[in-house]
S.K.: 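Mind having a look at this structure? Questions to follow.
We name chains A, B, ... by the order of the sequence lines, and we start the count at 1 in each one.
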Number of protein chains: 2
Amino acid sequence: MSASRTDEILDVAEASIRKGGFDAVSFRDIAAAIGIKSASVHYHFPHKSDLGRAVVSRYGERLFAALGAPDAPGAAPRKRIKRLTQAYRDALAPEGDACLCAVLGAMTQGLPEPVSKEISAFYDRLLGWTKTALKGGKSTMTPEMIVSSLIGAMILAVERGQPKLLADAEKAILAAVAD
Amino acid sequence: MSASRTDEILDVAEASIRKGGFDAVSFRDIAAAIGIKSASVHYHFPHKSDLGRAVVSRYGERLFAALGAPDAPGAAPRKRIKRLTQAYRDALAPEGDACLCAVLGAMTQGLPEPVSKEISAFYDRLLGWTKTALKGGKSTMTPEMIVSSLIGAMILAVERGQPKLLADAEKAILAAVAD
DNA sequence: TGTGCTGTACCTATCACTAGATAGTGAATG
DNA sequence: CATTCACTATCTAGTGATAGGTACAGCACA
């Protein structure tokens with residue numbers, strides 16, 4: 001009912017990617033997980049690259065919806081950046097899997113071009129958001145440093161099994177940003 | 001001549017992993033790259049997990065050899081940490097591929113257990129080295145923060161095609177460490 | 001009647017992995 | 001000295017499993 005078939009497929013695909021990378025996704029496994037056949041998955045996403053692109057795209061849409069406008073009036077830079085760090089902590093939360101784009105960003109080289117382009121667009125947008133969000137305040141960290149420290153913290157937090165590492169990164173980032 | 005067959009295999013495997021993750025490695029491709037047959041690769045590394053473990057293990061040995069003792073007399077903490085950041089920059093240098101353990105760290109969940117154990121041991125050792133290296137000095141960054149910022153910077157540097165991002169991380173780390 | 005979605009059945013390619021034969025080497029043995 | 005033995009490293013040939021992807025039929029609903 002609730003979720004469309006397309007969304008069901010994307011849900012399973014996203015979870016698989018976050019657990020084991022792009023190659024961990026298989027049409028058969030996705031189909032089995034939601035109770036259809038692999039040919040039906042191909043109907044919605046003819047090629048695997050279509051599926052990958054869609055997963056990344058939806059992930060981005062959701063993230064930026066959660067972040068809100070980076071230049072929303074009334075929100076100070078520190079508060080905006082806090083929304084960003086919070087989003088990363090939320091991404092880690094439920095299963096202890098790494099954020100989608102941390103995983104895919106780590107191995108863009110080996111992905112189908114449509115997917116790596118989509119990842120690239122995601123980071124274009126994320127860095128742009130962060131840059132705008134910092135405007136009007138003072139930061140000792142560049143947008144790139146903020147984002148990369150979140151990526152690294154997430155990866156190490158997952159590997160070590162220590163969510164605290166991501167919280168530490170958040171603290172360091174917020175300490176570097178003043179309104 | 002120089003390199004043993006085992007090393008030749010590990011060279012190709014490491015390059016493949018760094019480009020496309022663990023699943024990008026195939027016995028056939030490795031064999032073809034060095035002019036033998038896949039069955040011969042299996043002779044040296046019966047299972048893929050053996051190969052993965054060996055790649056990570058050799059990578060670690062080389063890195064720690066380059067880092068030297070973390071408590072070598074006469075070397076100040078700042079200088080020691082600089083060796084660490086330099087090692088990461090060297091790892092990025094030749095091909096623009098990400099560091100092996102950044103890639104594998106990003107997706108430990110989907111790896112054969114022997115490989116993920118080896119990755120875990122690598123980070124145990126790396127964090128231990130960094131902790132010891134910081135002794136006697138003052139740092140506003142924990143060992144975990146130093147390592148995770150290098151991981152994140154390397155991943156974003158590769159994705160963006162901007163090696164400078166890793167240099168920026170180095171600067172920030174060195175600024176946080178005082179003798 | 002057409003459109004949207006799912007099914008069955010199948011394709012070819014690739015995967016990790018194995019059995020067993022072959023050739024070369026070096027040391028021990030007659 | 002010649003032979004045998006054990007070992008190393010490679011090959012050919014093949015296994016069964018799984019991958020992405022396709023052709024086409026059926027079915028429900030408008």
Side-chain angles (χ1 to χ4, degrees), chain A residues 1-56 58 103-104 107 109-118, chain B residues 1-56 58 103-104 107 109-118:
Chain A
M1 274 284 93
S2 44
S4 71
R5 194 110 281 189
T6 294
D7 275 321
E8 284 186 83
I9 293 170
L10 291 177
D11 286 342
V12 177
E14 178 175 333
S16 299
I17 292 176
R18 292 172 69 162
K19 254 195 209 110
F22 190 66
D23 292 333
V25 177
S26 101
F27 283 84
R28 277 173 177 74
D29 291 347
I30 291 172
I34 62 179
I36 59 175
K37 299 295 169 181
S38 73
S40 303
V41 181
H42 277 284
Y43 169 79
H44 295 277
F45 302 96
H47 304 282
K48 197 175 179 181
S49 56
D50 299 323
L51 180 56
R53 243 171 44 87
V55 169
V56 176
R58 190 187 69 162
V103 172
L104 293 184
M107 42 187 303
Q109 315 255 359
L111 298 175
E113 200 195 282
V115 181
S116 62
K117 293 257 189 215
E118 195 75 37
Chain B
M1 268 284 91
S2 45
S4 70
R5 193 109 279 189
T6 294
D7 275 319
E8 284 186 84
I9 293 170
L10 291 176
D11 287 341
V12 177
E14 179 176 331
S16 298
I17 292 175
R18 291 173 68 163
K19 256 198 208 105
F22 189 66
D23 292 333
V25 177
S26 102
F27 282 84
R28 275 174 179 73
D29 291 347
I30 291 172
I34 62 179
I36 59 176
K37 298 294 169 184
S38 73
S40 304
V41 180
H42 277 284
Y43 169 79
H44 295 277
F45 302 96
H47 304 284
K48 198 174 178 181
S49 56
D50 299 323
L51 180 55
R53 244 171 44 88
V55 169
V56 176
R58 191 187 68 161
V103 172
L104 293 185
M107 43 186 304
Q109 316 254 0
L111 298 175
E113 200 194 281
V115 181
S116 64
K117 293 257 190 218
E118 195 75 38

S.K.: Where the side chain of B:Asp50 meets the backbone of B:His47, is there a donor-acceptor pair that is under 3.5 Å apart?
M.R.: yes

S.K.: Output the rounded distance in Å from CD1 (B:Ile9) to P (D:dT8).
M.R.: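 The answer, rounded to whole Å, is 15 Å.
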
S.K.: How does protein reach along nucleotides 9-17 of chain C, written 5' to 3' as B (base within reach of a heavy atom under 4.0 Å), S (only sugar-phosphate), or - (no contact)?
M.R.: ------BBB

S.K.: Please state how far atom NE2 in A:His44 lies from atom P in D:dG21, giving the value in whole angstrom units.
M.R.: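 So the NE2-P distance, A:His44 to D:dG21, works out to 16 Å.
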
S.K.: Locate the shortest heavy-atom distance separating A:Phe45 from A:Phe27; write the atom from each residue and the value.
M.R.: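 Distance-wise, the nearest heavy atoms are O-CE2, 3.5 Å.
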
S.K.: Round to the nearest Å and state the distance from A:Ile36 atom CD1 to D:dG26 atom P.
M.R.: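 Value for this atom pair: 21 Å.
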
S.K.: Indicate the atoms forming the closest heavy-atom contact of B:Ala13 with B:Leu51, along with that distance.
M.R.: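 Shortest heavy-atom contact: CB-CD1, 4.0 Å.
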
S.K.: Output yes when a side-chain donor or acceptor of B:Lys48 lies under 3.5 Å from a complementary backbone atom of B:Val25, and no otherwise.
M.R.: yes

S.K.: Atom OH of B:Tyr43 and atom P of C:dT22: how far apart are they, to the nearest Å?
M.R.: 18 Å

S.K.: Taking all non-hydrogen atoms of both residues into account, name the closest pair between B:Gly21 and B:Val103 and its distance.
M.R.: CA-CG1, 4.1 Å

S.K.: Taking B:Ser16 for its side chain and B:Val12 for its backbone only, find out whether a donor-acceptor pair lies under 3.5 Å.
M.R.: yes

S.K.: Are OP1 or OP2 of C:dG7 and a side-chain N or O of A:Ser40 less than 4.0 angstrom apart?
M.R.: yes

